[in-house]
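Working notes, beginning with the structure itself.
Counting starts at 1 for both ligands and their atoms, in listed order. What you see below is based on every heavy atom in this structure, not just the backbone, and it leaves out hydrogens, waters and symmetry mates.
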Amino acid sequence: MSFFHNIKTENISLDFSYLNQDLRFYMKREDLIHPIISGNKFRKLKYNLKEFKKNKNSILITFGGAFSNHLLAVAYLGKVERIETLAIVRGEELKNSKLNSTLKKCSDFGMNFDFISRENYRKRNTNEYILELKNKYKNSYIVPEGGTNIFGIKGCEEILTEHDKEFFDVVCVPVGSGGTFSGLVNSSLSNQKILGFSALNNSNINEVINRFVKKNNWKIFDDSCFGGYAKFNNELINFINKFYKSHNIKLDPIYNAKMIFNIIDLINKNKWRFGKNILIINTGGTQSSIGINELLKKKGCETINY
Ligand SMILES: *Cc1c(COP(=O)(O)O)cnc(C)c1O
């Protein structure tokens, strides 16, 4: 258990004075928890690992896309804990192409892959599909995409400290599968507001979160993803580079850059109605920039420079 022992993250003050508002911004540096396991993925694996060990399972199976921070986290965990890991990866076509930088690292950590079509990938949460997997891989422990299950959420309930609960009016976090957000909502005080910035067009994200939370002190912005998961334009890449220059903080292009871009946009458009003491959770994930840069270079676009 030493691997997950005593995680502490720092809140730093962010200088957004150029926005000319009476708002105070802090960033929780979950991105600095671990050099390989990105902040929230670390949190989400803590109790899943405990469960895996308790059940004496022999293989950990999970799901993800080609740039997935979650797959990388699971692969690394598999290596240090000597656990066999298998990833069901979205995209049959990847089977015959060179592994991108994320999947290459996963493979180096000993992870095996099963590449499946997008159509089959959509079935990943159905009972039928899970049963099929369990029959094929005896004594397996299955973690859903992004590590979002009740154990993953339990880990994310440890992100906010007692001080954070008393001090901050608003907590902002990027949203993928909704697990990190749900953990924050569960552990928040009801006079706090939890704002989520969705990284994908997922029309049922509110429904998913409602399955995991009981409070209603939250809101999801679902028009903040630049057209879809892992979609970008020059404006966003430029924003990442400028942000790095002025704050010396690396923002990943899939989650955190989009969130912060949208927070600033809301404020500039005079739509910020959520309180003055603002905590932004930086969930990390900058490893994806390597693979994204490969794509941007091919297209001849500006790349991420950090
Ligand atoms: C996975 C991930 C998220 C989204 O977390 P969910 O719990 O899936 O909503 C946010 N940021 C980064 C860097 C991630 O890797």
Quick one: which ligand 1 atoms are inside 4.0 Å of a heavy atom on Gly285?
13 (C)
Specify whether Phe181 and Trp218 have parallel, tilted or perpendicular ring planes, treating 30° as the upper limit for parallel and 60° as the lower limit for perpendicular.
perpendicular
With heavy atoms of Gly179 as the reference, note each atom of ligand 1 found under 4.0 Å away.
6 (P), 7 (O), 9 (O)
Give the residue and atom name of whichever protein heavy atom lies nearest to atom 4 (C) of ligand 1, and the separation in Å to one decimal.
Gly176 N, 3.4 Å
For Lys258 versus Asn262, what's the shortest heavy-atom pair and its separation?
O-ND2, 2.7 Å
Would you mind running through ligand 1 and noting each atom that sits below 4.0 Å from a heavy atom of Val175?
9 (O)
Would one find more than 12 heavy atoms of other residues, nucleotides or ligands at under 6.0 Å from atom CG of Asn216?
no
The residue among Ile37, Thr283, Ile159 that forms side-chain contact (heavy atoms from CB on, under 4.5 Å) with Arg43 is Ile159
Please say which of Thr62, Asn55, Asn48 ends up in a side chain to side chain donor-acceptor pair (under 3.5 Å) with Tyr141.
Asn48
Which bit of Thr283 is near ligand 1, meaning a heavy atom under 4.0 Å away: side chain, backbone, both or neither?
both
Nearest non-hydrogen protein atom, atom 6 (P) of ligand 1:
Lys44 NZ, 3.2 Å
Look at atom 14 (C) of ligand 1 and find which of Arg43, Lys41, Gln287 reaches it with the closest heavy atom.
Lys41
Within a reach of under 6.0 Å around CZ of Arg273, are more than 12 heavy atoms found that belong to other residues, nucleotides or ligands?
yes
Is Glu145 close enough to touch ligand 1? Criterion: a residue heavy atom under 4.0 Å from a ligand atom.
no
Kindly give the heavy-atom pair with the smallest separation between Phe197 and Cys172, and that separation in Å.
CE1-CB, 4.0 Å
May I ask you to identify the nearest protein heavy atom to atom 13 (C) of ligand 1, giving residue, atom name and distance to one decimal place in Å?
Gly284 O, 3.2 Å
Interfacing atoms of ligand 1 (cut-off 4.0 Å, heavy-atom, Asn40):
1 (C), 2 (C), 3 (C), 4 (C), 5 (O), 10 (C), 11 (N), 12 (C), 14 (C), 15 (O)
Is it the case that the side chain of Ser140 and the backbone of Ile142 share a donor-acceptor pair, with hydrogens and angles ignored and the cut-off at 3.5 Å?
no
Heavy-atom contacts with Asn69 under 4.0 Å: which atoms of ligand 1 show up? List them by number with element.
13 (C), 14 (C), 15 (O)
Numbered in order shown, the ligand 1 atoms found under 4.0 Å of a heavy atom of Thr180 are 5 (O), 6 (P), 7 (O)
Mutual orientation of the aromatic rings belonging to Trp272 and Phe25 [parallel < 30°, tilted 30-60°, perpendicular > 60°]
tilted
Identify the protein heavy atom lying closest to atom 8 (O) of ligand 1, giving its residue, its atom name and the separation to 0.1 Å.
Ser177 OG, 2.5 Å
